[in-house]
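For reference, the structure is listed below as structure tokens.
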Amino acid sequence: FLTQPSIISTMETQVSNGPTSNSGLPNGPPLSANGAADDSKTNLIVNYLPQNMTQEEFKSLFGSIGEIESCKLVRDKITGTGGLAPPVSLEPPSDPSPPPKVPYARPSSASIRDANLYVSGLPKSMSQKEMEQLFSQYGRIITSRILVDQVTGVSRGVGFIRFDKRIEAEEAIKGLNGQKPLGASEPITVKFANNPSQKTGQALLSHLYQTTARRYTGPLHHQTQRFSPLSLISRFSPITIDSMTSLAGVNLTGASSGGWCIFVYNLSPEADESVLWQLFGPFGAVTNVKVIRDFATNKCKGFGFVTMTNYEEAAMAIASLNGYRLGDRILQVSFKTSKQHKA
DNA sequence: TACTATT
């Protein structure tokens, strides 16, 4: 049931209002006091659906369980890809009834919107349970997650907490943002999470910008280096670099399941993602670029990150772009290290 | 001005 990782992420939970009219049939949805359909026990939310699943496939999946009154497959507004949160309405459960295999959809209301928090700087040793314990003092947690490296399974120090109510999330930010968890050496950052569809749009626009810009600006001058003999840098194998940096007391964290992460320093305040695409793209497969910006000014803080799939191409990009003059600045480019630069 | 992280 799990999907392949993709740059196309699914949309934020979007719960339909479900059935609004009573069918009048013996098995129809129960009515609340005001006569409106009570779908609290018949409306389900289903996450992590395959992105290519169709409405028909989704319906037939649940149709084998019971009669479906209505169902909706929620798709990303921008990409049209599916994958999340179609409310399904089934006949009311018998009493007593077994617990549902998928959670009931919560009734849609303004008070539960924007209650999702993004947490970074978590100690790598902190478990999801421990994170929940930290946040549970501020309210009822609906969902939580800690992002992990897909290969090693180790925490990336980043997670999500969705509270039942927005005011609970606000209180958690006030209480925990910038605070050190018990025993932690670094403070955590707690903020409202981005809406996934926003990020999807940004990624698409970056890509679009990249491909469109290339089409009209013609070959970049780095492009020839893409075909340079790789044997020249073969002595810089990952193992060699690892052993060298271990001796130097610097940990490389450039390598991960997502590819090789490159640290780019001395970007101008006006730098944006497209400049990183243009600089690194000619050297090979670039899967991600990120310019780090100041929250208040939205200006680049002087550095960014580029992820490249292949080690040889990443090494060639670093060898070529470290010391490269961009405008009036000399770039410093290296594999990302785990901590601050050491001389 | 020196190391992110957005299910």
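Keep in mind the model is a prediction, meaning the values are calculated, not measured. So that the names make sense, note that chain A is the first sequence line, chain B the second, and so on, each numbered from 1.
- To the nearest angstrom, P of dA5(B) lies 18 Å from CD1 of I262(A).
- With respect to K299(A) and E270(A), a salt bridge is recorded, a charged nitrogen being found less than 4.0 Å from a carboxylate O.
- With sequence neighbours left out, I318(A) forms a side-chain contact (heavy atoms from CB on, under 4.5 Å) with I262(A), V333(A), F335(A).
- Side-chain proximity of K191(A) to the nucleotides dA2(B), dT6(B), dT7(B) is greatest for dT6(B).
- Checking dA2(B), dT7(B), dT6(B) against the side-chain heavy atoms of R145(A) singles out dT7(B) as nearest.
- Only at 4.0 angstrom or more do the heavy atoms of residues 166-175 of chain A sit from any atom of DNA chain B, so none qualifies.
- The aromatic rings of F305(A) and F303(A) sit perpendicular, their planes meeting at an angle over 60°, well past the 30° parallel limit.
- Rounding to whole angstrom units, NZ of residue K290(A) and P of dT6(B) are separated by 6 Å.
- Between the P atom of dT6(B) and the CE atom of M131(A) lies a distance of 15 Å, rounded to the nearest Å.
- Nearer to the 5' terminus of DNA chain B, by closest-nucleotide assignment, is the contact made by P269(A) (compared with the other of P269(A) and F305(A)).
- Within the nucleic acid shown, R293(A) has no heavy atom closer than 4.0 Å to any nucleic acid atom.
- In this structure, the nucleotide among dA5(B), dC3(B), dT7(B) sitting nearest to the side chain of R156(A) is dA5(B).
- Side chain of N310(A) to backbone of E312(A): no donor-acceptor contact under 3.5 angstrom is found.
- The aromatic ring of Y265(A) does not stack onto the base of dC3(B), failing the criterion of a centre distance under 5.5 Å from the six-membered base ring together with planes under 30° apart.
- With hydrogens and angles left out, the side chain of R162(A) and the base of dT7(B) share no donor-acceptor pair within 3.5 Å.
- Residue I188(A) contributes atom CD1, which lies 17 Å from atom P of dT6(B) at whole-angstrom precision.
- Here dT7(B) is the nucleotide among dT6(B), dA5(B), dT7(B) with the atom lying nearest to any side-chain atom of N116(A).
- Distance D294(A) CG to dA2(B) P: 13 Å, rounded to the nearest Å.
- At least one side-chain heavy atom of S268(A) sits under 4.5 Å from a side-chain heavy atom of R329(A).
- Among dT6(B), dC3(B), dT1(B), the nucleotide with an atom closest to any side-chain atom of A193(A) is dT6(B).
- Among the nucleotides dA2(B), dT7(B), dT1(B), the one closest to any side-chain atom of Q332(A) is dA2(B).
- Candidate nucleotides dT1(B), dT6(B), dC3(B) were compared by shortest atom distance to the side chain of F303(A), and dC3(B) ranks first.
- For an aromatic pair to be called close, the ring centres must be under 6.0 Å apart, and Y118(A) with F192(A) fails this.
- Whole-Å rounding puts the I146(A) CD1 to dT7(B) C1' distance at 12 Å.
- Out of dT1(B), dA5(B), dT7(B), the shortest distance to the side chain of V158(A) is found at dA5(B).
- A donor-acceptor pair is defined here as one N or O able to donate and one able to accept, closer than 3.5 Å; such a pair exists between the side chain of N266(A) and the backbone of I330(A).
- Distance F160(A) CZ to dA5(B) P: 11 Å, rounded to the nearest Å.
- Contact check on E132(A) versus K129(A) returns no salt bridge, with no Lys/Arg side-chain nitrogen under 4.0 Å from an Asp/Glu carboxylate oxygen.
- Atom-to-atom, NZ of K124(A) to C1' of dC3(B) comes out at 11 Å; the value is rounded to the nearest Å.
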